[in-house]
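Here is the structure we will look at.
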Amino acid sequence: MIETVVSANMLIGEVMRVKKNHLAPDFPTGNEKRLCIVSGIHGDEVAGQYICYELIRRIKKDFDKLTGIVDVYPFINPMGLEAQYRDVPVFDIDMNTLFPGSKDGTVESIQRQRS
């Protein structure tokens, strides 16, 4: 099932959405292990989207064998993917350089500290 994880209204009248494909057994027991696959950090690297597609396809093919939960985020930088741009557009933020981040700061404050 495809779910919107977060959405934000943009100043240009559009809505940015980060979505995930949630795959879980039909009858969960509550003891399932969970795996999260994330791709699309850089909008100009699309190989991860293909891997996500192939992973989902293979899981659905043998869905009856699924015993855990798999959440697939094919692109978490949708603006970068649409623009085919490495960083998050407008802010010019490279998500890799922000890792591990700061629990006390915003993305912009972390970026300023590193430049």
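Fair warning: this is a prediction, and the values are worked out from it, not measured in the lab. Note that these values count all heavy atoms, side chains included, but never hydrogens, waters or copies made by symmetry.
- To the nearest 0.5 angstrom, F63 atom CZ is 4.5 Å from D26 atom CG.
- In plain terms, the two heavy atoms of V72 and V70 that are nearest each other are CG2-CG1, 3.8 Å.
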- request: Start with the C-alpha gap between E54 and Y50, add the side-chain angles, then the distance that decides, and say whether side chain to side chain contact (heavy atoms under 4.5 Å, CB included) holds.
  value: CA-CA 6 Å; E54 190 63 25; Y50 175 72; 3.6 Å; yes

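- Among residues two or more places apart in sequence or in another chain, the side chain to side chain contact (heavy atoms under 4.5 Å, CB included) test is passed with I51 by none.
- Among residues two or more places apart in sequence or in another chain, the side chain to side chain contact (heavy atoms under 4.5 Å, CB included) test is passed with V6 by V18.
- The two residues P25 and T67 make their nearest non-hydrogen contact at CG-C, 4.0 Å.
- Residues L66 and L55 are members of one and the same hydrophobic cluster, defined by side-chain heavy-atom contacts under 4.5 angstrom among Ile, Leu, Val, Met, Phe, Trp and Tyr.
- Pairs passing the salt bridge (Lys or Arg N to Asp or Glu O under 4.0 Å) check and including a residue from residues 30-40, sequence neighbours excluded, read R34-D71.
- For S7 against R17, the heavy-atom pair with the smallest separation is CB-CG, 3.9 Å.
- Between atom OH of residue Y73 and atom NE2 of residue H22 there is a gap of 9.5 Å, rounded to the nearest 0.5 Å.
- Between N21 atom CG and I56 atom CD1 the span is 4.0 Å, to the nearest 0.5 Å.
- The two residues P74 and C52 come nearest to each other via the heavy atoms CA-SG, 3.8 Å.
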